[in-house]
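First the structure, in the form of structure tokens, and then the observations on it.
All values below come from the heavy atoms of this structure, side chains included, with hydrogens, waters and symmetry mates left out.
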Amino acid sequence: MSTPDQTPDEAMTSEEKRHDQLTAAPDATEADAAPRIEVSEHDGNTRIDIAPDAAVRPGPGPGVETEESTETAPQE
């Protein structure tokens with residue numbers, strides 16, 4: 001019996017592996033694998049930005065009180 005030179009994981013690109021992992025869950029959709037960041041390079045510096053249409057963003061969601069928001073809220 002011979003073994004292949006590459007396993008299926010080695011034949012996949014990192015983007016294909018990412019997509020495969022993010023859509024493997026039972027209720028996963030294609031939207032789960034959508035890119036959430038944009039990477040660019042300028043003058044040797046790498047910049048990572050959150051994609052403007054990313055469904056999931058870092059930080060607390062809208063309406064979530066944080067320590068910072070309670071400090072600046074007017075006291076009654």
Side-chain angles (χ1 to χ4, degrees):
M1 177 184 259
S2 65
T3 58
D5 291 337
Q6 291 183 332
T7 63
D9 274 353
E10 291 172 344
M12 296 172 72
T13 66
S14 60
E15 187 60 32
E16 289 170 329
K17 289 178 188 177
R18 178 185 178 279
H19 181 274
D20 190 52
Q21 185 176 22
L22 293 172
T23 56
D27 294 328
T29 65
E30 284 296 314
D32 295 331
R36 295 179 178 91
I37 62 169
E38 296 174 353
V39 180
S40 58
E41 191 167 321
H42 305 278
D43 300 323
N45 297 314
T46 302
R47 180 180 170 112
I48 302 173
D49 292 305
I50 305 302
D53 58 347
V56 180
R57 303 182 67 78
V64 175
E65 284 193 29
T66 63
E67 186 177 310
E68 186 176 290
S69 67
T70 57
E71 289 174 2
T72 58
Q75 301 296 321
E76 294 181 25

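Across Ala31 and Arg36, no two heavy atoms sit closer than the pair O-NH2, 4.3 Å. Of all heavy-atom pairs between Glu16 and Ala11, the closest is OE1-O, 4.2 Å. The two residues Ala33 and Thr23 make their nearest non-hydrogen contact at CB-CG2, 3.9 Å. Across all non-hydrogen atoms, the minimal contact from Ala51 to Pro35 is CB-O, 4.2 Å.
When the salt bridge (Lys or Arg N to Asp or Glu O under 4.0 Å) test is applied to Glu15, the partners found at least two apart in sequence or on another chain are Arg18. Shown here are the side chain to side chain donor-acceptor pair (under 3.5 Å) partners of Glu41, two or more places apart in sequence or in another chain: there are none. Under the side chain to side chain donor-acceptor pair (under 3.5 Å) criterion, Asp49 pairs with Arg47, sequence neighbours left out. Take Gln21 and apply the side-chain contact (heavy atoms from CB on, under 4.5 Å) test, not counting sequence neighbours, and it matches no residue. For Ser14, there are no side chain to side chain donor-acceptor pair (under 3.5 Å) partners at least two apart in sequence or on another chain.
Listed by first and then second residue, the salt bridge (charged side-chain N to carboxylate O under 4.0 Å, His left out) pairs involving residues 23-32 amount to none (not counting sequence neighbours).
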